[in-house]
Amino acid sequence: MPELPEVEQMRRSLARRLEHAHLLMFISLRPGFPDLTTVALGLEAIRDAAIRRIDRRGKYLIWRLDSPEGSFALVCHPRMTGHFLWHDETQPLPPHIHAMVRILDSSGEPGLLLWQDVRRFGTLELLPAGRLETGPHALLRLGPEADSWRPDAAALVRAERGRRRSIAAWLLDQENVAGLGAIYVTEALHACGLDPATPASRLSRPDWQRLSAVVRDLLRWAQARGGSSISDYVDSDGGRGSFQLEHRIYGRYREACPDCGTTLGRRAVGGRHIGYCPRCVRLPRFRHLAKQDDIRHRGRIESVEKPVCDSSSERISPMSAQNTSRMLYVGGYGGRRIDPAPAGLVTASLSAWSVTDTGELTPVRTFAGVRDSSYVIPDPAGDLLLAVQESGRGGRFLIVDPRSDSDDPLAAVNIGAGGPCHLTVHGSWVFTANYGSGSISCLRLADDHRQARLVAVIQHSGSSANPGRQEGPHTHWVGIDPASCYLYAVDLGIDAVLRYPLSALLERLETLSAADAAAPTLDFAEVRHDRIVFPDGEGPRHMVFSPDGHCGFVVTELGNRVFALDLTEALPAVRDLGLAGGSEGEANYPAAIRLAPDGRHLATSIRGSNRIGIFVLDGATATRIQNLPCGGVWPRDLFYAADGRTLWCANEQSHEITRFTVAADGTIAGGESVARVSAPACLLEVL
DNA sequence: CATACCTCCTGAGAGC
DNA sequence: TGCTCTCAGGAGGTAT
Ligand SMILES: [Zn+2]
């Protein structure tokens, strides 16, 4: 199975129990496999082998063993199907087990580990530690680890000159980069718009830089997801990865390209196939095939040498922030949701754009140290930005100084929960909505707001009607009403808006904060709140308040509706105001709902049919007056400029910002693409 | 030498 | 149903 992320997952899983364990016996079950016999005999001669560490190099797993006879390395290569699994001896032995390892773990418990390898290509060998550093082993010839591959691009251009092999063959050669295989080569090449058959010698210096950056990001992202689990592959603890759900090209031969719809093809490389999209490739196999009109028609870049912005580039243009009064910040998943990269595409997860009087956007800078910022808000107390970072396991709260020369946030604070997607601030308190964990993290800002500390996590629980999306709580939005009476939390997973009386909550948090102990997790049942219940399966997502704070409007992601909440009631009921946008019968997943600065209109973004709905407010009700195409694909967020004349739309899947002009009657027009930025997820315009 | 092809295996799924 | 065919997370060996 495994490529680097999967072998790394195997390593982590094995290390949990094997590190500091003792290897008691290695039993070969196949007398006919000479390699296994050799390992068994070798280990028989070593008494009392302590397992110091489990390492990984490329796709090799290395058990580091210490014994009175010296140090040894058990070097394992899983090839296609080899892997270890823990065995319960009361159960029958699974098929294709070729060896067993008896151990005594650090707590004195015996364990039996099986080596299973259906196709028998995997290898196990025992080497004296010295031979790892010197011998002729292939392990010694491996190139740099793919997840930290930072090549000297100029040297590669020089080295490849005059050679003919394809870039796919080059990447698969473990002596160039270690750890890549068919999956990640396929995905990385598509992300770079490279045909697998392109000769490696055709790559320019920026091409190599971009390719290596994409490879690093891809592998790190895949590792955070536990790798790819195809068919029934599991790690030694039975765990599955989830990156296979994000394969865009691999395993989709003859299906439609997720980026352009063209039927995917494949190229034979080294006896197997690497998929690709014939239309998305920007660098064809041979230069003479690149017809100018074809390239123009496709809107792709004119020259491969044209510099491409990636997340490691510091400044996009030297223009400084203080020259312009309006600034649009775009947050999102720029580092990882990758694309065939048209010219001018900004791939940062947080970027700043100056807004001219005519509404044009000019990139000012990126923040390379910020990853996956799913939501960004201003700190009302100063000039800082507050954001949440939706990273693999533990989410983070970020404080960013947009004026700083540094690309790194001032602070990145663990929020004790996963998948944050929204946040709000009230004085020195920050609350994050954690979609992944279904919780609210409460953090206290330091006096200068340049640092923060996690004080408590309020954990929701429950589920609702949609088995795929509502198997548990998924807190999607948090906010405080204009009168500062309640902290509202919209939970998509349990079909409810919860409102926590703010003064009581803050009092409790202040007490916890003063105690200066580790942040506790509070069951939401133990924190006073009202529960505003939605119809089953609606999946409430985002909310806005009417200007007087008496009324709330909630858009539901699963039901595609807008609901009104009369917040002056002791227990508000929800009132259905109709479709958020699009049409009945379409698959629509609304994302944003925003109040226009005139206080009389609402805008909704409709993912699916890619529309924007405009509502006119009339007291506690709202009526939809427009249902327009958003100009892009998958409108994830909207933002009204402060003067109310412009509405920005972040199109996550077409990687662009579209712009609408807002008339005095609240209707919008336009939808032209004004900026290319990869996977935008949130917008914030400040003056 | 660099590069393309073949091989070592078993099982799953498609097509007939 | 069963049969044949192709393909699968890899890499080492062998012809050109
Ligand atoms: Zn395509």
Side-chain angles (χ1 to χ4, degrees), chain A residues 1-11 13 30 32-36 56-61 75-85 94-98 115-125 136-143 146-147 159-188 196-201 218-219 222-223 225-236 240-247 249-255 264-275:
Chain A
M1 39 229 88
E3 302 180 29
L4 187 153
E6 293 75 38
V7 180
E8 178 59 22
Q9 180 60 29
M10 294 170 69
R11 189 198 67 76
S13 162
R30 306 287 145 146
F33 295 12
D35 293 357
L36 290 187
R56 179 191 57 75
R57 178 81 174 89
K59 303 175 196 172
Y60 289 87
L61 274 179
V75 178
C76 317
H77 197 305
R79 295 286 179 91
M80 298 289 260
T81 52
H83 68 284
F84 290 101
L85 59 134
H96 304 295
I97 304 300
H98 306 134
W115 172 247
Q116 183 180 52
D117 187 8
V118 173
R119 293 178 70 181
R120 305 189 191 173
F121 296 160
T123 60
L124 298 183
E125 49 186 329
H137 200 275
L139 194 48
L140 300 169
R141 301 195 304 271
L142 292 178
D147 63 349
E160 290 305 306
R161 196 166 291 150
R163 300 187 59 168
R164 308 188 60 81
R165 66 179 156 178
S166 68
I167 184 57
W170 193 96
L171 290 169
L172 287 169
D173 183 340
Q174 305 297 302
E175 296 188 26
N176 295 323
V177 208
L180 295 177
I183 295 177
Y184 296 99
V185 165
T186 303
E187 298 297 324
T198 305
S201 57
L218 184 67
L219 290 208
Q223 285 180 70
R225 318 241 110 183
S228 304
S229 288
I230 292 172
S231 77
D232 56 355
Y233 167 71
V234 292
D235 65 25
S236 59
R240 286 177 61 86
S242 66
F243 190 71
Q244 69 282 0
L245 303 174
E246 295 174 45
H247 294 172
I249 305 298
Y250 179 82
R252 300 192 191 280
Y253 176 54
R254 289 183 166 148
E255 293 179 25
L264 297 178
R266 65 185 190 192
R267 300 269 191 216
V269 179
R272 52 200 210 275
H273 302 291
I274 301 294

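FYI, side chains are in, hydrogens and waters are out, and symmetry mates aren't considered; it's all heavy atoms of this structure. Chain letters run A, B, ... following the sequence lines, proteins first, then strands; residues in each count from 1.
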Under-4.0 Å side-chain N/O to phosphate OP1/OP2 contact, A:Gln174 with C:dA11: yes

Say you pick atom P in C:dC7 and the same atom in B:dC5; how far apart are they, in whole Å? 15 Å

Calculate the interatomic distance between A:Arg272 atom CZ and B:dA4 atom C1'; express it in whole Å. 14 Å

Looking at B:dC9, does its base get a donor-acceptor pair with the side chain of A:Arg119 below 3.5 Å? yes

Decide whether A:His83 and A:Glu6 meet the rule of one side-chain donor and one side-chain acceptor closer than 3.5 Å. no

Ion pair present between A:Asp173 and A:Arg165, side-chain N to carboxylate O less than 4.0 angstrom? yes

Distance check needed: B:dA4 C1' versus A:Trp170 CH2, whole Å only. 19 Å

Would you say whether A:Phe121 stacks on C:dA11? The test is a distance between ring centres of less than 5.5 Å and an angle between planes of less than 30°. no

For A:Gln116 and A:His96, indicate whether the former's side chain and the latter's backbone hold a donor-acceptor pair under 3.5 Å. no

Nearest to the side chain of A:Tyr250, which nucleotide is it out of C:dG10, C:dA8, C:dG12? C:dA8

Does B:dT3 have OP1 or OP2 sitting under 4.0 Å from an N or O in the side chain of A:Arg163? yes

Nearest nucleotide by nearest heavy atom, which residue falls closer to the 5' end of DNA chain B, A:Ser166 or A:Arg120? A:Ser166

Rounded to whole angstroms, how far apart are CG on A:Leu180 and C1' on C:dA11? 14 Å

May I ask you to verify whether the side chain of A:Arg165 and the base of B:dA4 hold a donor-acceptor pair under 3.5 Å? no

When the ring planes of A:Phe84 and A:Trp115 are compared, do they come out parallel, tilted or perpendicular, using 30° and 60° as the limits? tilted

For A:Gly271, answer base if it contacts any base atom (sugar-phosphate contacts may also be present), sugar-phosphate if it contacts only those atoms, and nothing otherwise; contact means non-hydrogen atoms under 4.0 Å. nothing

Hey, does the Lys NZ or Arg CZ of A:Arg225 hover above the aromatic six-ring of A:Phe243, less than 6.0 Å from the centre and inside 45° of the axis? no

To the nearest angstrom, how far is A:Arg254 atom CZ from C:dC7 atom P? 9 Å

What is the distance from CZ of A:Arg161 to P of B:dA2, rounded to the nearest Å? 17 Å

Whole-Å distance, A:Leu140 CG to C:dA11 C1', equals 16 Å

Only pairs with both distances under 3.5 Å count, Watson-Crick or wobble alike; so what is the partner of B:dC9 in this structure? none

Nearest whole Å is fine: how far is B:dT10 P from A:His83 NE2? 17 Å

Looking across every strand, which nucleic acid part, if any, lies under 4.0 Å from A:Ala138 by heavy atom: base, sugar-phosphate, or nothing? sugar-phosphate

5'-most contact on DNA chain B (nearest-nucleotide basis), A:Val118 vs A:Glu160, goes to A:Glu160

Take atom P in C:dG12 and the same atom in B:dG11, then report the distance between them in whole Å. 25 Å

Atom NE2 of A:His273 and atom C1' of C:dG10 are separated, to the nearest Å, by 15 Å

Of the listed nucleotides (B:dG11, B:dT3, C:dG10), which one gets closest to any side-chain atom of A:Ala182? C:dG10

Using a cut-off of 4.0 Å on non-hydrogen atoms, how would the nucleic acid contact of A:Arg266 be classed: base, sugar-phosphate, or nothing? sugar-phosphate

For the CE atom of A:Met10 and the CG atom of A:Leu85, what is their distance to the nearest 0.5 Å? 10.0 Å

OP1 or OP2 of C:dA11 less than 4.0 angstrom from a side-chain nitrogen or oxygen of A:His77, does that happen here? yes

